[in-house]
**Q** 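This is the structure I have questions about; it appears just below.
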Amino acid sequence: MVMPSANDVLSLDADQLVHVLQGFGEPAFRARQLFEWLWRHDASSYQDVTVWSRPLRERMSQAWPIRRAVAVQTQVGVDGTTKLLLGLSDGQRVETVLLPHPYGYSVCVSSQVGCAMGCTFCASGLNGRIRQLSAGELLEQVRYAEMILKPSGQHVRRVDVMGIGEPLDNYANLLKFMRMAHHEAAFHLSYRHFTVSTSGLVPAITQLANEGLPVTLAVSLHAPNDEVRRRLMPVNQAYPLAKLIPACDDFARRTGRRVTFEYLLLKDVNDSQQLAHELAGLLAGRLCHVNLIPWNPVAEHDWTPSPMSTVRTFQRIVQDQGISCTIRKELGQEIDAACGQLRLREEESLSL
Ligand code: SAH
Ligand code: SF4
């Protein structure tokens with residue numbers, strides 16, 4: 001697996017920057033200055049850090065070069081949704097989506113290049129997992145969103161780790177990213193405004209519950225029983241519902257946060273009224289919310305999206321059992337192909 005270079009300054013947290021700068025005989029406050037210049041003032045080279053002496057700027061450029069992501073493609077939808085394709089320092093690409101909501105903007109970030117989980121409806125995993133994203137590459141996605149919003153004086157309010165990749169398969173970088181983004185000298189985002197979406201890696205869900213961070217956990221359930229779920233998600237072999245659901249309960253109990261269950265609807269696969277009743281039965285009495293997702297067709301996968309009338313019937317059945325259930329609003333429909341598709345399309349056109 002290709003890893004980003006070792007002297008990756010964008011992945012250093014505030015304490016690590018103190019250590020680096022002390023190595024150059026500099027006081028700790030210089031680290032705070034650099035952290036702010038990197039994440040609040042968008043410094044693209046040390047020459048931008050005008051509060052520093054020229055020799056210090058030179059030394060840092062040599063030892064810890066700033067390698068920013070570059071925007072390869074930007075698509076803006078009529079509803080204000082912006083989809084970015086970012087090029088990373090080794091030429092890999094990831095997608096980031098900025099979405100408008102009544103409460104402000106959210107950004108959907110990718111956590112890996114590709115994905116190893118192999119879900120049978122998803123574009124992100126078609127070529128497997130190519131590599132992990134570093135903490136700095138995760139932060140770069142939020143910074144790009146902030147840069148887009150800056151002229152209007154707005155900021156990113158929520159971060160959804162729901163783009164390409166399985167975030168809990170990149171646990172250490174995910175956690176470092178959330179801690180850095182939370183830092184007041186970076187984006188000062190509240191932990192409550194992060195949502196981490198997982199296909200259901202049970203040990204990592206437990207580990208996340210142990211961190212004591214009030215982030216929201218979203219679990220891609222997509223079926224109320226193992227028989228249907230294993231057709232859709234190979235992860236169900238290792239972590240069937242008998243393991244997954246108790247881990248979600250434990251997360252909800254220990255963080256006091258309700259868990260979101262995502263449920264993608266595929267025609268004649270997991271969208272019957274009987275399965276809606278079964279889902280309601282499975283989740284009855286739990287601190288949770290269900291988000292129904294209309295499937296975005298992926299050419300390589302042979303499923304059909306459920307008709308909207310079926311999605312609404314499914315929702316009503318779940319709601320009638322007293323469970324909070326919404327249908328994911330499709331923002332930026334004309335630009336927002338299924339997650340991972342923009343990157344794949346770009347790769348295909350590059351290889352033509
Ligand atoms: N790997 C994580 C997070 C990224 S996927 C996870 O699986 O949860 C984010 C969400 O998009 C998941 O609920 C996933 O099931 C869903 N998804 C994947 N492919 C999709 C498609 N083609 N149309 C709609 N949703 C899709
Ligand atoms: Fe990976 Fe999530 Fe896609 Fe499954 S749905 S292949 S876990 S990105």
Side-chain angles (χ1 to χ4, degrees), residues 83 94-97 99 106-133 138 141 159-171 173-174 177 194-202 204-205 208 215-223 228-239 244 247-248 251 259-267 269-271 289-306 308 311 326-333 335-345:
K83 191 154 186 164
V94 286
E95 289 168 45
T96 306
V97 187
L99 301 135
S106 72
V107 60
C108 177
V109 301
S110 296
S111 57
Q112 299 177 313
V113 182
C115 182
M117 307 310 295
C119 301
T120 61
F121 48 79
C122 176
S124 301
L126 285 170
N127 295 334
R129 181 185 62 200
I130 296 159
R131 74 165 169 86
Q132 303 289 11
L133 292 189
L138 278 148
Q141 299 178 63
V159 176
D160 297 324
V161 192
M162 280 193 187
I164 299 169
E166 168 50 58
L168 295 186
D169 182 37
N170 186 13
Y171 191 86
N173 291 332
L174 170 76
F177 155 66
F194 283 88
T195 298
V196 176
S197 176
T198 179
S199 56
L201 293 175
V202 167
I205 291 175
L208 190 61
V215 300
T216 299
L217 179 71
V219 174
S220 297
L221 196 60
H222 307 331
V228 178
R229 197 166 188 263
R230 75 172 152 248
R231 281 181 72 192
L232 304 175
M233 306 177 76
V235 68
N236 200 70
Q237 289 297 116
Y239 305 113
L244 179 58
C248 296
F251 189 94
V259 172
T260 295
F261 289 104
E262 292 158 288
Y263 197 108
L264 189 90
L265 285 153
L266 300 167
K267 188 171 185 296
V269 177
N270 65 350
D271 65 347
H289 171 79
V290 174
N291 198 12
L292 301 177
I293 312 176
W295 186 57
N296 226 324
V298 177
E300 291 82 350
H301 296 310
D302 232 0
W303 309 113
T304 310
S306 302
M308 210 49 209
V311 177
T326 49
I327 300 172
R328 179 181 289 177
K329 194 170 149 210
E330 293 199 73
L331 289 163
Q333 223 169 4
I335 57 160
D336 192 17
C339 232
Q341 285 188 318
L342 187 61
R343 177 178 146 262
L344 284 183
R345 254 208 312 278

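One-based numbering, in listed order, for ligands and for the atoms of each.
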**Q** Where does H222 meet ligand 1, judged by heavy-atom distances below 4.0 Å: at the side chain, the backbone, both, or neither?
**A** side chain
**Q** Check atom 3 (Fe) of ligand 2 and write out every protein N, O or S atom at under 2.8 Å, as residue and atom.
**A**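 For atom 3 (Fe) of ligand 2, the protein N, O and S atoms that sit under 2.8 Å away are C122 SG.
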**Q** Determine whether the side chain, the backbone, both or neither of T198 has a heavy atom under 4.0 Å from any heavy atom of ligand 1.
**A**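 T198 to ligand 1: backbone contact only, side chain stays beyond 4.0 Å.
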**Q** When you measure from atom 16 (C) of ligand 1 to each heavy atom in L264, T195, D169, N291, which option holds the nearest one?
**A**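 Nearest heavy atom to atom 16 (C) of ligand 1 lies in L264.
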**Q** Short list, please: which atoms of ligand 1 are under 4.0 Å from a heavy atom of G165?
**A** 1 (N), 2 (C), 3 (C), 4 (C)
**Q** So, does Q141 use its side chain to make a donor-acceptor pair with the main chain of S110 at under 3.5 Å?
**A**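 Pair found, side chain donor or acceptor close to backbone of S110.
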**Q** Output the distance between atom CG (L221) and atom SG (C248), rounded to the nearest 0.5 Å.
**A**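 SG of C248 is found 8.0 Å from CG of L221.
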**Q** Any side-chain to backbone donor/acceptor pair from W295 onto K267? Under 3.5 Å, distance only.
**A**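 The answer is no, because no donor-acceptor pair under 3.5 Å joins these two groups.
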**Q** I'd like the name of whichever of A218, G163, S110, P294 reaches closest to atom 4 (C) of ligand 1 through any heavy atom.
**A** G163
**Q** Under 4.0 Å, heavy atoms only, figure out whether ligand 1 is touched by the backbone of I293, its side chain, both or neither.
**A**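 For I293, the contact with ligand 1 is made by the side chain alone.
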**Q** Which option out of G125, S220, G200, P297 puts a heavy atom nearest to atom 7 (O) of ligand 1?
**A**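 Closest candidate by heavy-atom distance is S220.
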**Q** By number and element, which atoms of ligand 1 are closer than 4.0 Å to a non-hydrogen atom of C122?
**A** 18 (C), 19 (N)
**Q** Between E166 and S111, is the side-chain hydrogen bond (donor to acceptor under 3.5 Å, both in side chains) condition met? List the steps.
**A** CA-CA 6 Å; E166 168 50 58; S111 57; over 6 Å; no
**Q** Answer side chain, backbone, both or neither: which part of E262 comes under 4.0 Å from ligand 1, heavy atoms only.
**A** side chain
**Q** Need the ligand 1 atom indices (1-based, order shown) with element for anything under 4.0 Å from a heavy-atom of V298.
**A**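 Result: 22 (N).
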**Q** How long is the gap from CZ on R230 to OG1 on T120, to the nearest 0.5 Å?
**A** 13.0 Å
